Amino acid sequence: MSGTQTGMLLFTLITATSILFVPGIIVQRTGQSAWLVTSFSCLAGVISLLIVLKLGQRFSRTTLSKYSEIVLGKVMGKVFCLAYVLFFFINNTLTIREFSEFLSYSLSFGSSILLLIIVIVAVAGFGAYKGIEVIVRANQFVLPLFIISFVCLFGLALFKADYERVLPLWEKGIQPLISDSAVPASLFGEIVVLIMLLPIVNKPQEVWSKSLWAILASMGFITLCTLIMITVVGPNLSGHLLFPFWNFVKSIEYGNYVQRIEGFIFFFWLTIIMIKTTLLYYLTCLITAQIFGLKSYYPVVCYLAPLQVTAATFVSSNTIQLQDIFRKYWPPFALFFEIALPLFLLTVAVIRKKRGN
């Protein structure tokens, strides 16, 4: 995997689901200034990236399962890795449920959401079985089309935008911006997946620059999405919709010539979210296999599927409850795994003067 492919994959990981719930959550408290929140939250991604790269430098070409045992000992090293199995599993559980809720809402799917979850898990499991190379190449093909579709969307949105809706800036002060930055910060912190991907990157020296560009590009993308949504839909209505950005997409048209462009946007958006789900599924299987010394992660793919379906089905009873999880509980939980645990491992490695071979 090249440095460019790594950067593109990280951009997909951060942005794929960032415009589902996040814009509505941050607009509720920060109003028309919500588009400024990502300027603070992207720092979580930079901090996580620095910590992971420092670990990668100390343990070059060594997997997390191996160097965690070098630093913490065999038993505690396995416990440390099991914690990341839990993190990837829960992260993907919430992603799958969020994805299925979005599909149910956008397609007006009247049947049980369980069917959507089963289909998503089946596709993610198949992609995970095919391996990281297939995931990376699929992303490399789809991501440019996804970006082009959104550029077209933004261009058409300019004709409906009312820029007075973002005024006055900082109306509620800076405190709400900082406190609400925790929600998108947990998305930027997902760059911690590099802790698993670094050993397979062809040119590790490129990872810093490519990953930093991925963080900055993601910040720009989410900021622009939130800003244009506010100028078209308005801050008050955006804060009361389940999926405000999707409602914004459906409202965009240009006279009688360009209408119902949401189908064009929807296809690439769906594919990008599916790539994120597949990547998290793959990482859960891979680290599980490494912990238990399996020669291949393939058997884990099959056993994980029913667990993932069950967890995604019962993690919440409705969309409102799922939003509350993302707003109240997910940020501190995620940031603990994205920053605190890697920092702890790096600190112990430095104190004990542990390095790779």
Side-chain angles (χ1 to χ4, degrees), residues 6 10 13 44-95 128 132 182 185-201 204 207-208 211 279-304 307-308 310-311 315 325 329-357:
T6 303
L10 293 175
L13 186 71
V46 176
I47 294 170
S48 182
L49 175 62
L50 287 170
I51 296 169
V52 170
L53 290 183
K54 285 294 182 182
L55 283 169
Q57 290 171 2
R58 294 185 73 89
F59 303 96
S60 179
R61 299 295 180 185
T62 307
T63 63
L64 174 64
S65 60
K66 289 183 178 178
Y67 69 72
S68 61
E69 292 186 11
I70 295 174
V71 176
L72 302 174
K74 190 170 184 179
V75 175
M76 290 306 298
K78 288 188 181 297
V79 171
F80 186 90
C81 289
L82 282 171
Y84 275 94
V85 173
L86 178 69
F87 172 67
F88 292 137
F89 179 79
I90 295 177
N91 192 353
N92 206 22
T93 295
L94 293 174
T95 301
I132 189 64
S186 62
L187 289 169
F188 282 98
E190 287 180 350
I191 207 165
V192 76
V193 299
L194 274 175
I195 207 168
M196 293 291 298
L197 298 176
L198 269 180
I200 60 172
V201 177
V207 173
W208 163 250
S211 300
L279 176 63
L280 292 173
Y281 197 108
Y282 167 79
L283 293 175
T284 307
C285 295
L286 181 63
I287 192 170
T288 302
Q290 290 175 351
I291 291 170
F292 294 102
L294 303 179
K295 293 181 179 179
S296 171
Y297 68 88
Y298 294 151
V300 186
V301 174
C302 299
Y303 289 113
L304 181 62
L307 295 175
Q308 200 77 83
T310 304
V315 69
I325 292 173
Y329 308 112
W330 178 246
F333 178 84
L335 291 171
F336 175 75
F337 287 91
E338 293 164 354
I339 295 178
L341 272 189
L343 181 60
F344 166 75
L345 187 63
L346 178 61
T347 303
V348 175
V350 171
I351 292 173
R352 300 187 64 190
K353 299 180 181 180
K354 296 290 185 178
R355 290 186 174 272
N357 293 328

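Side chains included, hydrogens not; waters and symmetry mates left out as well; all remaining heavy atoms used. Start at 1 with the first residue, then count along the sequence. Being a predicted model, the structure only gives us computed values, none of them experimental.
- Between Phe89 atom CZ and Leu94 atom CG the span is 10.0 Å, to the nearest 0.5 Å.
- Contact check for Ile339 versus Ile51: side-chain heavy atoms found under the 4.5 Å cut-off.
- A distance of 12.0 Å separates CG of Leu345 from NZ of Lys354, quoted to the nearest 0.5 Å.
- Counting heavy atoms from C-beta on, the side chains of Val193 and Leu10 come closer than 4.5 Å.
- Using cut-offs of 30° and 60° on the angle between ring planes, the pair Phe87 and Tyr84 is perpendicular.
- In this structure, Thr284 contributes its side chain and Leu280 its backbone to a donor-acceptor pair below 3.5 Å.
- Looking at heavy atoms from C-beta onward, Thr288 lies out of side-chain contact with Tyr303 at the 4.5 angstrom threshold.
- In plain terms, the two heavy atoms of Pro342 and Val192 that are nearest each other are CG-CG2, 3.9 Å.
- For Gly56 against Leu198, the heavy-atom pair with the smallest separation is CA-CD1, 3.9 Å.
- A distance below 6.0 Å separates the ring centres of Tyr297 and Tyr282.
- Interatomic distance, Ile47 CD1 to Phe188 CZ, rounded to the nearest 0.5 Å: 12.5 Å.
- The side-chain heavy atoms of Ile191 and Val52, taken from C-beta on, include no pair separated by under 4.5 Å.
- Atom CG in Leu283 sits 11.0 Å away from atom CD1 in Ile195 (nearest 0.5 Å).
- Annotation: side chain of Ile90 is in contact with side chain of Trp330 (closest heavy-atom distance under 4.5 Å).
- Minimum interatomic distance between Leu53 and Val207 (heavy atoms only, all atoms of both residues): CD2-CG1, 3.6 Å.
- With rounding to the nearest 0.5 Å, the separation of CG in Leu279 from CD in Glu190 is 9.5 Å.
- Between Phe88 and Met196 the shortest side-chain heavy-atom distance falls below 4.5 Å.
- In terms of modelled atom types and a separation under 3.5 Å, the side chain of Thr62 and the main chain of Ser60 share a donor-acceptor contact.
- Pairing each heavy atom of Ile325 with each of Val315, the nearest pair is CD1-O, 3.6 Å.
- Nearest heavy atoms, Ala349 versus Val71: N-CG1, 3.7 Å.
- Within the model, atoms CD1 of Ile132 and CD1 of Ile200 stand 5.0 Å from one another, a figure rounded to the nearest 0.5 Å.
- Using a 4.5 Å heavy-atom threshold, the side chains of Leu335 and Glu338 count as touching.
- For Phe344, the CZ atom sits in a loose shell: 12 or fewer heavy atoms of surrounding residues, nucleotides or ligands are nearer than 6.0 Å.
- Legend: salt bridge (charged side-chain N to carboxylate O under 4.0 Å, His left out) pairs involving residues 65-77, not counting sequence neighbours, sorted by first then second residue: Glu69-Lys78.
- Taking the side chain as every heavy atom from C-beta outward, Leu64 and Gln290 never approach each other to under 4.5 Å.
- Counted within 6.0 Å of OH on Tyr298, heavy atoms from surrounding residues, nucleotides or ligands total more than 12; the atom is thus considered enclosed.
- The two atoms that bring Leu194 and Ser211 nearest to each other are CD1-OG, 3.6 Å, heavy atoms only.
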